[in-house]
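For reference, the structure discussed in these notes is given below.
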Amino acid sequence: MSTPTITQATLTKDLRLEWRSKDAINSMLFFALLVVVIFSFSFNPTAEESRQIAGGLIWVAFLFAAVVALNQTWARELRNQVLDAYRISPAPANALFLAKAIGNFVFVSVLEALMTPLFIVFYTLRALGPAWQLIPIAALGTWALVVNGTFFAAMSIRTRSREIMLPLLLFPISIPALLAMVEATSAILTGEASARFWIVLLAVYDLVFTTVSLLLFESILHAE
Amino acid sequence: MSTPTITQATLTKDLRLEWRSKDAINSMLFFALLVVVIFSFSFNPTAEESRQIAGGLIWVAFLFAAVVALNQTWARELRNQVLDAYRISPAPANALFLAKAIGNFVFVSVLEALMTPLFIVFYTLRALGPAWQLIPIAALGTWALVVNGTFFAAMSIRTRSREIMLPLLLFPISIPALLAMVEATSAILTGEASARFWIVLLAVYDLVFTTVSLLLFESILHAE
Amino acid sequence: MNPSPTAPPVSPIVSITNLIKQFGRFAALRGVSADFAPARLYTILGDNGAGKTTLLRTLAGLSSPTRGTLNMLGNSDPRAVREQVGYMAHPSLLYDEMSGMENLRYFARLYGMDDDQRCRSAIASVKLDPDLSRPVGQYSQGMRQRMSLARAVLHDPKILLLDEPFSNVDIGSARQMVHLLAEMRDRGKTIFVVTHQPSLLDGAADEFIWMESGKIVRRTRDLKLAEVL
Amino acid sequence: MNPSPTAPPVSPIVSITNLIKQFGRFAALRGVSADFAPARLYTILGDNGAGKTTLLRTLAGLSSPTRGTLNMLGNSDPRAVREQVGYMAHPSLLYDEMSGMENLRYFARLYGMDDDQRCRSAIASVKLDPDLSRPVGQYSQGMRQRMSLARAVLHDPKILLLDEPFSNVDIGSARQMVHLLAEMRDRGKTIFVVTHQPSLLDGAADEFIWMESGKIVRRTRDLKLAEVL
Amino acid sequence: MKRAFPIFGLLTLALLSFALYEALIAAPTERTMGDVQRIFYYHVPSAWTAFLLFLINFVASVVYLIKRNPAADAVAAVTAEVGVIFCTVVLVTGPIWARPVWGIWWTWDMRLTLTLVLWLIYVSYLVLRRFSSSSQTPLIAAVLAVFGAVDVPLVYFSIWYFRTQHPSPVMGRGGSLDPRMLHVLLINWAAFLCFAFLVCWSRYRLERLEREVEETQALEALLEPRGVR
Ligand code: HEM
Ligand SMILES: Nc1ncnc2c1ncn2[C@@H]1O[C@H](COP(=O)(O)OP(=O)(O)OP(=O)(O)O)[C@@H](O)[C@H]1O
Ligand SMILES: Nc1ncnc2c1ncn2[C@@H]1O[C@H](COP(=O)(O)OP(=O)(O)OP(=O)(O)O)[C@@H](O)[C@H]1O
Ligand SMILES: [Mg+2]
Ligand SMILES: [Mg+2]
C-alpha cells in the first residue's frame, strides 16, 4: 500500500484504458490541428514577427488543450462512483493524485510533441538562443499547468457545472507560470534575453504547488 | 411531435439546466475576462505584431470557448442512458440535433458578446472597414463551428476505434469556414479588402453543412 | 422451441421468429420464436445473462436483430410503432439534475403531450409525491426505480416492456405496482415483465416465460413455485 | 430506540449511538442507536427512503454523521479501520471498460495485495468465469451485481456492508450467494445485508433489523413472514 | 455588544466625513496633476485595505483547515467579499486617475497588473463559494484560498521581471510625498479601515445568523413527523 506502488498501478490502469479508446488523444489532436491551422491563416508572418509571438501562441494553445484534457481527468472515476471504491480503500490519497497528475502530464506532453513540429513548420521557427533550454521549459511549464489542473478538476467535481469551473479556478493561479513559459520561450526564440530567471521561477512554482497539492489533496478527496 | 416544438422543449430543458443558478452568466463573464487577460499576457497588446493578428486572436479565443461548450454537449444525455429514452420516443432525431446545436450556439455567442468589448479595450482595436458586418460574420462563423462540432460530438458518443477516426477525417472540411472567418474579420479590421466574398462563402458553408447534418443525424442517433 | 401450450386463437400482437442477436462472436439471443396475444401480462424469467434484457431492447427497437424477424402490431419495424411501446430499463433513463415532475414534463413533450395532470397522475400511480422538488439524483434507489416506471407508462402505450421493475423496491410498493400492472392489462395493455421475483406476480401474470442462454425454453400458465425455489 | 432483544454479552464490534444524518434540511437518519455483536449476519429491512443506504454509507466512512457517534472495532473513526470493511453499493463501483479480472486486480493492489489467485477465487465464489474477457460494461445486470460483490469481499474484511446484493440476481445464484455469506459469517465475519427479499435470508440471518423513516424500529430474531408480506 | 455596533457605526461615519473634508479641501493641491491627484486619498487606502483583508482571509482559511471551526470560515468568506470590493475600487480609481495623468486607461505596470491578478484570484474564490454544493463549501474554499495566497508572491516576482520596458509610473514613496499629504492619506486609511471593519462585522453577523437559522430549521425537521419521501 505504499504510495509509489499504488501510483504506478493506477497510472498503468489509466494509460491502458486511454489507449484502448483513443478518445482523449484524438480530441486533443483534433483541437491542436485546429489551433495551428487557424493561426496559420490568421496571417503568415515573416520569420522575425513569428518569433515575437510564437511563444505566446504555442503556450496559449497548450493551455487550452490542457484544459480540455484536464476536464476529463475524473470522468472515469465518477462513472459508477468508482471513486467511492478508492475512498473506502486504505490506499493513500496522494497516490491517486500523483497518478492522475502524471497521466495528464503524459497526455499534454504527447499533445505538445504533436503540435510543436506543426508550429515550427508553419512559422519557420528557428531559435536564436540556446534551443535545448526549451525542453526543461516545456517540461516544467507542462507540469505547472497539470499539477494545479488535476487538483482543481478534483475540486470542481464537487461543484455545479464542472467543465466551466476548471478554467475559472486554474487560469488566475496559473498566470505567473504562464508568464514564465511565454517569456522564457520567446527569450530563447529571439535570443535577446536569458531565460534563466524564468526557468528558476517555473521550478519554484512547480515545487510550491506540488507540495501544497500533496498536503491538501487528502482532505479534498474525502470531502463528502 | 413536430420538430419545432420538440426542439424548443429540449432547448428550454437544456438551457434551464445550464442556467439553473443565476451565477452561470457571471461565471461566463468571468471566463471571458480570464481568456482575454490570458491572451493579453501572452501577446503583449502594445506590441505592433500582436495587434496585426488580432483578427486571428479573437477567433482562437472564440474557438476555445466553443470547445469548452462542445465538450459537454452530450454528457448529460449519456448519464443514465437518457439518450435511449429519446431514441425509443417518436420524437424526430433532428429536433434533438437542432436543440443541441442551437444551445451551443447560444452559449458560444454569449461568450463572444462578452469577450469582444474586452478585446477592443485591451488591444485598442478600431475597425477601419464597415464594423457592422462583423455581426453577420460572427453569427455565421459561430454556427459553422457549432453545427459541425455538435455533429462530431454525437458521432464520438459511440466511439469504436473505427468511428473515432471520423472527426479527424472530416476535419479538413471545416478549414474553409475558419479561413473565411479570419479573413473576413481581418479584412474588416484593416479595411483593406471587402469581406463580402467571405461572408457569402460562410453562408453557403453553413447552409451545406446544416443540411448534411440534418440528413445524416438520424442514422447517427439510432446507430446501436 | 415447443410452441406455447396456450397458442392464442386471437391474432398475436407481438410475434417473433427465430430471433438471433450477436455481440461480436457472442450470441445473446440464439433463435427466439414466439407469439404473444394482446391484453396479457407476460413474465419473463431466466438466469443472469439469459438474454432477457437483450430481448426487451430488441422489442423496444433499441438494438436491431442480427438475424430473424419480429412483428409488432402488424408492423415489422419496431421503430414504426414507437408511440405504442413503453420501455423501462436497468438504468433510470432520467435526468439526475431535474425533479421527477420536470423529467416527466419533458418526456411528455417528446410524445407530443403537454398536460401536467397526466404527469402528476403518472407519478401518483407509482406512489410518489408529484411535488417532491428534490432532484432525481438525490432519490433513494427504489424511488428512482418507481419514477422510471412512471416515465415508461406516461404515454399510456399498448405494449409495455419492463426490465426488473421491482428490484430495489420494497415489497409493499412492489405489490402495489403489480396491482397497477394487472389493472393496466385489464384495460387491454400487453405487458412484458422481466423479474427475478416471480412470486410477486404469482396469480397476476397470465403466462410465465422461461429463458435460458438465449432461448425460450418453457412457457407455462401458472408459476409452480417449486420450479424456481 | 428499544434496545436489541438479543443484546449480546460479548463486546459489540459495531456500536452506534444516536446517529443523525442530514442532507440540507432533510434528515435521512434521525437518531439511530444500536449495538452489533461480531460474527453475526444482520439483515436490514425497510421501505424505500427509510435510510438504509445512508446508514451503510456512514458505516463505510463514505459520509460523515451530522451528529452522534459510531464505534467500529473499538475505533471511533471508520476510516481508521478501512482494511477491515468491505462495502457493496447500488452502483457497481467497477470500471465499465475493464474486464472483471482487470478490475479486481486493480482493487487488490489498492489493498496492498497482488496475487491473481485471490482475484480468481473471488470471482469464482460468485459463480462467474474469471477468464471472461468481456468488459464489465457489457455484462448483464446480474453479472455486474455479482462482480461487485466479488470486489467487496476481495480483501476478506472483518465487516461486510452489502446494499441490496441480490437485486437483479436470479434466485438460484441469490441462494448460492446467501450460502456464501452464511459460511463467511461462520468464519467470523460480521455481515450487514440490506435487501427487499428477506425471504432469501430466512434461516440464514441471525437477526432482522427493521428501519422506518430514518430510525431502527424493530430488531427480531427470526423473520415472521407475516410482517413483511 | 448589541449596542457597540451602532456606536462604532457612528464613529466610522464621523471619521469618514472628516477624511473626506481633509482629502478634498484641507489637503494641498498637487502641483503638476492638480485636483485629480486627490483621488490618491481613496486609491491608495483602498488598495492597502484590500491587501490587509486578503491577508486575513488567508489566515482564517488556514485556521479553518486546522480547526474546522465554522467561525473561521465565515471570517474568510466575509473578508474575501469586502476585499474584492476594495480591490475593485482601486481598479476603478486607478484608470480614472491614469486617464488624465498618463493619457491612457491602462498599462501593464507591475503594480496595476498585480492588483488585477489579485482581483482575479479572489473573484474566482467567490465564484467557487457560490458554485460548490453547500456541505463542502467551507473546506474547498479554504483550500483554494491557500492556493491563491501561495500564488501571490510568485505573481509578484513574475510581474516584477515582466515587460520591464514599461517604466513604473507611480511616484516615489515617502520622501517626495508632502508630509501634509501623508497625514491626510493616513487619516483616510484609518477611516477606510474602520469602514471595512464595520462592513465585515455586519456581514459576519449576518453569515452567522443564517447558519443558526439553518441549524434550527434542521432540528425542527428532525422533530416534525417524517415528510414525504
Ligand atoms: C490604472 C490602475 C491603477 C492601479 C490598479 C493601481 C494600483 C495601485 C496599488 C495596488 C497601490 C498600492 C500598492 C503599494 O502602495 O505598494 C497603488 C499605490 C499608488 N498608486 Fe496606483 N494604481 C493605478 C493607477 C495609478 C495612477 C494613474 C497613479 C498616479 C499617477 C497612481 C499612483 C499611486 C500612488 C502615488 C500610490 C501610493 C504610493 C506608493 O505606494 O508608492 N496609481 N496603486
Ligand atoms: N453490448 C454487449 N456486448 C457484448 N455482450 C453483451 C452486450 N450486452 C449484453 N451482452 C451479453 O449478452 C448476454 C445477455 O445479456 P442480458 O443483459 O440480456 O442478460 P439478462 O438476461 O438481462 O441478465 P440479467 O438478468 O442479469 O439482467 C450476457 O452474457 C451479456 O454479457
Ligand atoms: N445526497 C442526498 N441529498 C438529499 N437527500 C438524500 C441524499 N441521499 C439520500 N437522500 C434522501 O434520504 C432518504 C434516504 O435515502 P436512502 O438511499 O438511505 O434510502 P434507502 O433506505 O436506501 O432506500 P432504498 O431502499 O430505495 O435504497 C431518501 O428520502 C433520499 O431521498
Ligand atoms: Mg437484464
Ligand atoms: Mg438504498
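Here is how names work: the chains are called A, B, and so on, in the same order as the sequence lines, proteins then strands, and each is numbered from 1.
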Task: chain E contacts, top residue of A:Val208, A:Val212, A:Ile173, A:Leu215 (heavy-atom pairs, under 4.5 Å) - done: A:Ile173
Task: Portion of E:Arg68 that has a non-hydrogen atom of chain A nearer than 4.5 angstrom - done: side chain
TODO: Please flag which part of A:Tyr205 lies under 4.5 Å from any non-hydrogen atom of chain E: side chain, backbone, both or neither.
DONE: both
Task: Greater than 12 external heavy atoms within 6.0 Å of E:Phe195's CZ - done: no
Open item on the list: Can you confirm whether A:Ile135 is buried at CD1, in the sense that more than 12 heavy atoms of other residues, nucleotides or ligands lie under 6.0 Å from that atom?
Closed with: no
Open item on the list: Which heavy atom of A:Leu169 sits nearest to which heavy atom of E:Ser124, and what is that distance?
Closed with: CD2-O, 4.1 Å
Open item on the list: For E:Leu65, which atoms come within 4.5 Å of any heavy atom of chain A: side chain, backbone, both, or neither?
Closed with: side chain
- [ ] Give, as side chain, backbone, both or neither, the part of A:Ile175 having an atom under 4.5 angstrom from any heavy atom of chain E.
- [x] side chain
Open item on the list: Side chains of E:Gln136 and A:Ile220, heavy atoms from C-beta outward: is any pair under 4.5 Å?
Closed with: no
TODO: Kindly determine whether E:Leu154 and A:Phe209 satisfy side chain to side chain contact (heavy atoms under 4.5 Å, CB included), including the steps that lead there.
DONE: CA-CA 11 Å; E:Leu154 290 160; A:Phe209 280 101; 3.6 Å; yes
Task: Residue A:Ala223 versus chain E: region with a heavy atom under 4.5 Å - done: both
- [ ] May I ask you to list the residues in residues 139-151 of chain E that approach chain A closer than 4.5 angstrom, counting heavy atoms only, ordered by number?
- [x] E:Leu139, E:Ile140, E:Val143, E:Leu144, E:Val146, E:Phe147, E:Gly148, E:Val150, E:Asp151
TODO: With a 4.5 angstrom heavy-atom cut-off, could you sort out which part of A:Phe171 is near chain E: side chain, backbone, both or neither?
DONE: neither
- [ ] Grab the two heavy atoms, one from A:Pro172 and one from E:Val117, that are nearest each other, plus how far apart they are.
- [x] O-CG1, 4.4 Å
Task: Distance-minimising heavy-atom pair for A:Met165 and E:Val127 - done: CE-CG1, 3.8 Å
Task: pair A:Pro176-E:Tyr156: side-chain heavy atoms closer than 4.5 Å - done: no
Open item on the list: Taking 4.5 Å as the heavy-atom cut-off, does anything in residues 80-89 of chain A contact chain E, and if so which residues?
Closed with: none
